[in-house]
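Just so it is clear, the model here is predicted, and its values are computed rather than measured. Quick note on labels: first sequence line is chain A, next is B, and so on, each numbered from 1.
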Amino acid sequence: MQYEVVMGLEVHVELSTESKLFCSCSAKFGAEPNENVCPACSGMPGMPAVVNKRAIELAIAAGLVTNCEISKVISFDKKNYFYPDLPTGYQITQYFAPVCTNGWVELDNGKRITLKQIHIEEDAGKLVHEPRTRMTLIDFNRASVPLIEIVSNPDFNTADEVTEYLDKLRLLLSFAGISDCKMQEGSMRCDVNISVREQGCQTLGTRTETKNMNSLKAIARAIEYESQRHIDALETGSEELIQETRRWDDDIGMTYSMREKEEAADYRYFPNPEIMPVHISEEWIERVRTALPEPAHEKFARLTTMLGLPEYDSKIISGSQSLAHIFDGVMKHFSKAKDVSNWILGELLAIVKDADTGDDNITIDALKFATLIMLVDEGKINRSVGKKVLAAVFEENAEPNEYIEKHSLAMVSDTGLLESAIKEVLSENPKSVDEFKGGSQKVFGFLVGQVMKKTSGKADPRSVNELLGKMLEE
Amino acid sequence: MRCFKDYENMAMLDLPDSERVRLAARFDEIVGGFAALDDYDTDGVSPLVSVLDVNNVLREDVAVKLFTRDEVLANAPEKHDGYFQVPATID
Amino acid sequence: MSYNAILDSSIMQKGVPATAGSKMLADFISPIDATVVTRLEAAGVQIVGRCDVGEFGVDGLFGSSVDGKTGGQVHCLGRTQDSVPVPLSCLLADSEADFILCNDYIGAISLAAAKQGLYYIHPTYGSVSRYGLIPAVSSMDQIGVLCKKPVVGFEVLKMITGFDSKDGVMIQRINDKGQMTNDKGQMTNNKEYTADAGTDEPSPCLKPRKRDSEKYSEILPQIMQILCCAEIGNNISRYDGIKFGYRAKGYNGLHELYTKSRTEAFGEDIKLAAVIGAMVLSQENYMRYYDKAMRLRRLIRDSLEFDKYDVIINDKGQMTNDKGQEKSQTEKWNSFYNLLTLSRLCGLPSLATPEGVYVANTGRDDILEAQLLCNMK
């Protein structure tokens with residue numbers, strides 16, 4: 001019997017704002033427990049919610065990069081349920097009038113994953129379980145941090161489609177500065193709704209929601225496991241499939257039922273009278289649209305077709321937000337795309353690897369980087385000197401010309417100086433000179449190296465090769 | 001059809017029997033009075049959520065630390081190492 | 001001339017218990033000062049005490065009315081901290097306080113004030129900041145003034161009204177005379193029941209007139225109960241014994257911590273409100289009760305003909321029923337209560353006095369004051 005797996009995704013993404021959604025506490029990750037908390041986001045009465053404008057703007061941006069319609073009037077609602085990580089006993093979300101609807105994301109094979117909606121809601125706090133004391137500790141730092149929930153229609157059939165969609169979503173959102181989308185840090189979380197049906201049958205099978213996967217690999221594994229569990233249940237009747245929420249345990253590699261949190265399934269949604277509706281004008285949408293940076297796939301197309309960069313270079317540059325930003329910055333001052341790409345993918349990444357800042361938040365002054373490349377291009381300094389200057393620009397934000405001046409690294413190409421340096425090297429290495437005259441080519445490179453050392457690396461390698469060759473002939 | 005006890009659970013209450021009997025009776029009497037609403041036609045009328053016709057009340061995205069952790073935890077019945085504390089949850 | 005004030009316990013003062021009249025918050029020390037407190041103190045008012053008028057101000061929502069239907073006979077007693085409940089008039093008489101600030105979102109306090117020879121001024125919804133007010137029914141909560149002399153009450157009102165960015169639901173328009181206009185910025189000045197805001201002449205004529213909105217009087221109490229129970233139930237979900245407030249002693253496990261703490265700490269009316277609130281919002285009942293009540297609220301507001309008149313008056317003196325006979329005392333109190341309920345449902349300013357109840361158009365709190373002055377003659 002052939003089965004079709006049908007999946008829909010609910011992706012929660014933390015918006016990169018300074019402050020929380022309904023109070024002015026910091027929304028930043030990583031503080032001491034309950035440091036980024038005030039009476040409002042710890043559930044105390046008396047502090048009304050006022051909406052963070054930036055969160056709405058980032059939600060509009062998310063809608064634009066996923067081809068959604070942006071709603072003209074949006075409102076917020078209350079979702080009632082009791083859980084210790086939810087300070088007020090209700091979550092403020094958007095049930096009746098979400099900010100974005102009917103978007104889509106295209107996979108490489110052209111298949112479109114359609115999005116039902118994107119809505120804004122507040123995150124809950126974090127629980128820490130103390131097995132020793134059988135107690136649970138609550139940290140409200142994350143409570144009321146702004147999220148968007150991206151709800152897809154059940155368009156997925158394979159785990160690969162899901163992981164590709166999540167990768168594309170992450171690129172779109174991180175590129176637009178909407179979120180850093182880091183699954184390990186929990187700023188991007190994905191729940192998968194899975195149902196299985198016989199091939200060709202129209203109605204959807206029993207649906208289960210699987211939660212608690214913190215990496216793309218874990219998601220793929222969870223999907224494989226859970227869809228197989230459905231198929232086994234349908235084929236052998238060994239287990240009765242019910243609509244429920246299940247939790248994925250990546251260590252033991254299985255899902256288990258999560259009765260207790262979903263128990264009160266009736267969330268009693270109702271419009272929140274404490275938050276006034278938000279009208280989104282065309283001008284506001286246009287302002288957000290023009291502020292959007294070029295999305296990754298468009299940049300890749302521009303790099304390859306218009307600038308003629310090889311696909312390999314374009315893929316890496318357009319795949320990283322910071323590299324793309326640097327590339328565009330340098331190209332404003334220096335037009336040879338291939339040179340810029342080589343300097344970024346070659347020299348810059350080499351330096352970064354030593355400084356291990358990871359390749360997705362490199363920052364360097366674009367003008368200084370361009371100036372440096374021009375100096376090498378015009379032969380004012382050679383490439384190895386260029387690398388030293390690049391390190392200084394990257395680490396100390398040095399100004400190339402000043403740095404070269406200060407360390408007198410300017411190219412030595414005045415023939416008189418070179419000739420005297422070569423003479424010295426030849427006289428110091430009579431043995432190598434005889435070997436060269438005896439026909440060994442290898443020793444020529446050694447002699448060039450000696451001359452470069454003699455001129456502390458500042459000589460122009462081409463002129464050294466020429467002069468040395470002539471002088472050895474005499 | 002759900003009964004009084006179901007709504008009591010939703011409201012996270014667990015009334016002693018005597019009180020439940022008394023409140024259930026008042027509940028039935030009051031909810032009985034709600035039936036009068038059915039006689040009023042409201043088709044095509046949109047719900048009025050707030051009498052105030054104001055919109056776009058928005059706050060600039062600026063983080064401000066106005067309260068210390070101690071102030072936030074001052075009223076906590078049980079706390080530990082800067083956390084609120086409750087008996088273990090199930091999962 | 002500085003005044004002395006008593007604050008209802010749902011108005012928060014930093015470092016002082018804000019109990020909202022509930023065992024649940026008996027020792028909840030407020031971390032903030034309410035905006036009204038800051039404004040009173042800035043105006044030189046002395047806060048001489050705190051009281052509470054019912055748990056979360058719910059008295060009167062289910063109060064057995066004079067004729068058994070609703071809130072009419074409302075006892076609405078107040079007590080200072082741990083004293084025995086006393087009529088509001090005693091609260092004011094016993095202390096040198098000139099007024100009490102409280103949140104009369106149902107209208108029961110206004111009615112009790114009128115019955116006890118006092119005055120209650122309930123401002124336009126959205127004109128007084130709710131920052132630092134323990135919420136009960138967010139779509140109706142509004143801090144007002146209970147006082148012996150209404151002139152004092154209106155002076156105090158001017159101290160506490162005005163835009164506050166910390167409350168997300170406030171009127172944002174002030175006209176050139178510094179008066180709060182309604183949110184469409186309109187100032188209505190119709191003749192029928194006009195009391196000229198500037199001068200002291202009495203209003204030209206007080207013809208009793210059948211109000212279009214009277215056809216909903218029968219179901220006002222039910223609409224209030226549906227809307228208020230839903231919002232109260234939701235606004236008290238935060239009280240769970242975990243973060244602050246009362247936590248039950250004998251519980252094992254998380255679920256019992258919730259249910260025992262809440263069951264032991266809330267009074268009966270609040271528990272009943274929470275259960276009714278859960279019911280009217282539940283999936284199978286939402287459209288029939290809560291959604292319906294919100295639609296009726298729009299119909300009721302739209303039935304007010306504030307293009308034809310400025311203020312609705314229910315005056316003891318000339319109240320006759322359809323057959324022209326004078327209404328009984330009960331009927332009078334009931335019609336007062338209906339008018340007060342109407343003002344809460346529609347966010348209108350109201351003035352309750354021993355002689356009658358006045359409700360003005362949104363933002364026209366000034367007309368109430370003018371109406372009062374010409375009646376005092």
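Here the CE atom belonging to A/Met47 is positioned 8.5 Å from the CE atom belonging to C/Met12, to the nearest 0.5 angstrom. If you take CD1 on A/Ile275 and OG on C/Ser138, they are separated by 10.0 Å, rounding to the nearest 0.5 Å. Here the CD1 atom belonging to C/Ile242 is positioned 5.0 Å from the CD1 atom belonging to A/Ile138, to the nearest 0.5 angstrom. Atom OH of A/Tyr269 sits about 9.0 Å away from atom CD of C/Gln283, to the nearest 0.5 Å. Put simply, CG on A/Asn272 and CG on C/Asn234 are 8.0 Å apart, with the number rounded to the nearest 0.5 Å.
Side-chain atoms of C/Arg238 come within 3.5 Å of backbone atoms of A/Gly43 as a donor-acceptor pair (strictly under, hydrogens ignored).
Note on A/Gly89, A/Ala49, A/Gly46, A/Pro271: by heavy-atom pairs under 4.5 Å with chain C, the leading option is A/Gly46. Ranked by heavy-atom pairs shorter than 4.5 Å toward chain C, the options A/Cys38, A/Pro273, A/Ser24, A/Pro48 are led by A/Pro48. Of the listed residues C/Gly277, C/Ala230, C/Ala278, C/Ser10, the one with more heavy-atom pairs under 4.5 angstrom with chain A than any other is C/Ala278.
Neither the backbone nor the side chain of A/Phe22 comes within less than 4.5 Å of any heavy atom of chain C. In this structure, the portions of A/Pro84 lying under 4.5 Å from any heavy atom of chain C include both its backbone and its side chain. Contact of A/Ser42 with chain C is made through the backbone alone, with heavy-atom distances under 4.5 Å. Contacts between C/Lys166 and chain A at a heavy-atom distance below 4.5 Å involve the backbone alone (N, CA, C, O). Heavy atoms of C/Ser165 lying under 4.5 Å from chain A belong exclusively to its backbone.
C/Glu284 and A/Asp266 make their closest contact through OE1-OD2, 4.2 Å (heavy atoms, listed as atom of the first residue, atom of the second, distance).
Classified by interplanar angle (parallel below 30°, tilted 30° to 60°, perpendicular above 60°), the ring pair C/Tyr290/A/Phe270 is perpendicular.
With C/Tyr258 as reference, A/Phe82 is the one residue of A/Tyr81, A/Phe82, A/Tyr83 to meet the ring-ring contact (aromatic ring centres under 6.0 Å, His included) rule.
Residues of residues 142-153 of chain A lying under 4.5 angstrom from chain C, judged on non-hydrogen atoms, do not exist.
Looking only at side-chain heavy atoms (C-beta outward), C/Asn235 and A/Lys78 come within less than 4.5 Å of each other.
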